[in-house]
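Along the sequence shown, residues are numbered consecutively beginning with 1. Heavy-atom basis, side chains included; hydrogens, waters and symmetry copies ignored.
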Amino acid sequence: MQSSESDRAEKSRESLVFFDLETTGLGQTCEIVQLAAVSGGHSLNLYITPRCRMQRGAAKVTGFKVRRHRLYLHRRLVLTNSLREVLVSFIAFLRMLHRPLVIGHNIRRFDCRLLARALDELNLRAEFDSSISGCVDTLPLAREVLKDRSLQSFRQENLVKELLDVDYKAHDALEDVRALQALYSVLKPSPELICKHRFTLDTMLNKPVKACKSEAEGKPLQQRPLWEHFRQAVKLTESKAEDGEANGS
């Protein structure tokens, strides 16, 4: 009896996905270079060749460089996908986990805004929104959880060092999300605190509010199989190619 109750509790527990982007710079007009996500032992790590050059500061911190429309990481050529392929894969990853809570560090002010812009650009916003239950930014969350620790910095690498006594390869999106997953398990925020800091892409510009029941319990939209998204991408690519031939002729 006890085992069946614990099994039901485990199944009812909300899935968590830790997510991070590396970009060409720090402004809101910069582009995504790397998208990584992890949930338990499941991970996703994809690269994109940006349409613009890496800003000098970002290149120095991340090790990414763009040469002749090819992406290099620490001087090694990186295999890349189109932005659409990366976003579709991310949505498929989220759907595999049945509308998880998406968690990241400083994502409300940066990563989620860039993600929203990219999703809107490719008309994938509705698919993404229906694939998650909400988002949580661990930066303000950690400030509240650790308000009595008198920490000088709440940067993720500093928190990982302070709470886990671990140094890791920061500014690599995959390493960042793995470290954040470990950090979150130590922070152990209460359900009430998670609720307080919960937001969506539509509400991320609003101030945090205590009530978030409507965001957490929104009904998911009807979801389409992943192959349909790829079929759409192929059709879009083919139609653009046909338009190009017509213009050329």
Side-chain angles (χ1 to χ4, degrees), residues 14 16-40 43 45 54-65 73-74 100-117 132 134-201 203-212 215:
E14 190 171 35
L16 306 178
V17 169
F18 298 87
F19 141 82
D20 186 43
L21 300 177
E22 296 301 335
T23 61
T24 58
L26 296 177
Q28 289 300 315
T29 59
C30 64
E31 296 190 8
I32 300 170
V33 177
Q34 181 187 12
L35 184 154
V38 66
S39 180
S43 63
N45 185 37
M54 294 287 302
Q55 293 179 12
R56 182 174 298 178
K60 184 177 180 179
V61 169
T62 63
F64 285 111
K65 287 189 177 180
L73 177 58
H74 302 301
L101 183 65
V102 175
I103 300 171
H105 203 72
N106 197 33
I107 59 172
R108 186 165 189 159
R109 296 183 61 184
F110 187 72
D111 302 69
C112 280
R113 298 189 187 190
L114 296 182
L115 177 64
R117 190 188 73 196
I132 67 170
C135 305
V136 167
D137 190 335
T138 53
L139 177 56
L141 185 73
R143 283 175 174 157
E144 192 159 351
V145 171
L146 304 172
K147 58 185 176 182
D148 298 326
R149 294 285 293 264
S150 300
L151 299 178
Q152 294 183 350
S153 172
F154 285 87
R155 294 177 63 182
Q156 181 177 310
E157 53 264 46
N158 293 336
L159 292 175
V160 170
K161 179 63 176 177
E162 179 73 22
L163 300 181
L164 301 174
D165 195 23
V166 172
D167 293 312
Y168 75 99
K169 186 181 175 183
H171 303 296
D172 176 293
L174 183 58
E175 296 300 322
D176 281 335
V177 292
R178 286 173 172 166
L180 184 60
Q181 182 171 241
L183 177 64
Y184 191 83
S185 67
V186 173
L187 290 174
K188 296 180 180 178
S190 66
E192 294 76 18
L193 197 56
I194 294 171
C195 184
K196 178 181 178 180
H197 289 278
R198 198 180 192 113
F199 66 94
T200 68
L201 296 188
T203 64
M204 64 182 166
L205 299 181
N206 302 336
K207 291 183 178 180
V209 293
K210 292 183 179 180
C212 63
E215 290 183 8

Closest non-hydrogen atom pair between [X] and [Y], with its separation:
{"X": "C30", "Y": "R117", "value": "O-NH2, 2.5 Å"}
{"X": "L174", "Y": "S43", "value": "CD1-CB, 4.3 Å"}
{"X": "Q156", "Y": "A179", "value": "NE2-CB, 3.9 Å"}
{"X": "I107", "Y": "C135", "value": "CD1-CB, 4.4 Å"}
{"X": "R109", "Y": "Q28", "value": "O-NE2, 3.4 Å"}
{"X": "L114", "Y": "G27", "value": "CD2-O, 4.1 Å"}

When you compare the side chain of [Y] with that of [X], does any pair of heavy atoms fall below 4.5 Å?
{"X": "D137", "Y": "F199", "answer": "yes"}
{"X": "F154", "Y": "R149", "answer": "no"}
{"X": "T62", "Y": "L73", "answer": "no"}
{"X": "L101", "Y": "R198", "answer": "yes"}
{"X": "E31", "Y": "T23", "answer": "no"}
{"X": "L21", "Y": "F110", "answer": "no"}
{"X": "I132", "Y": "V17", "answer": "no"}
{"X": "H105", "Y": "D20", "answer": "no"}

Heavy atoms of other groups near [X] [atom1], more than 12 under 6.0 Å:
{"X": "L164", "atom1": "CG", "answer": "yes"}
{"X": "K161", "atom1": "NZ", "answer": "yes"}
{"X": "R155", "atom1": "CZ", "answer": "no"}

Rounded to the nearest 0.5 Å, how far apart are [atom1] of [X] and [atom2] of [Y]?
{"X": "D111", "Y": "R113", "atom1": "CG", "atom2": "CZ", "value": "11.0 Å"}
{"X": "Y184", "Y": "L16", "atom1": "OH", "atom2": "CG", "value": "5.5 Å"}
{"X": "F18", "Y": "D176", "atom1": "CZ", "atom2": "CG", "value": "13.0 Å"}
{"X": "T138", "Y": "I194", "atom1": "OG1", "atom2": "CD1", "value": "11.5 Å"}
{"X": "L187", "Y": "E144", "atom1": "CG", "atom2": "CD", "value": "12.0 Å"}
{"X": "K65", "Y": "R56", "atom1": "NZ", "atom2": "CZ", "value": "10.0 Å"}

Q. So, the side chain of T203 versus the backbone of N206: is there a donor-acceptor pair under 3.5 Å, distance only?
A. no

(Q) If the threshold is 4.0 Å, N to carboxylate O, is there a salt bridge linking R178 and E175? (A) yes

Q. Can you list the steps and then say if L193 with V145 is a side chain to side chain contact (heavy atoms under 4.5 Å, CB included)?
A. CA-CA 9 Å; L193 197 56; V145 171; 3.3 Å; yes

Q: Step by step, work out the side chain to side chain contact (heavy atoms under 4.5 Å, CB included) result for I103 and Q181.
A: CA-CA 9 Å; I103 300 171; Q181 182 171 241; over 6 Å; no

Q: Go through the steps to decide whether H197 and R108 satisfy the test side chain to side chain contact (heavy atoms under 4.5 Å, CB included), and finish with yes or no.
A: CA-CA 10 Å; H197 289 278; R108 186 165 189 159; over 6 Å; no

Q | CA sep, side-chain torsions, deciding dist, call: L159, E162, side chain to side chain contact (heavy atoms under 4.5 Å, CB included) | A | CA-CA 5 Å; L159 292 175; E162 179 73 22; 5.5 Å; no

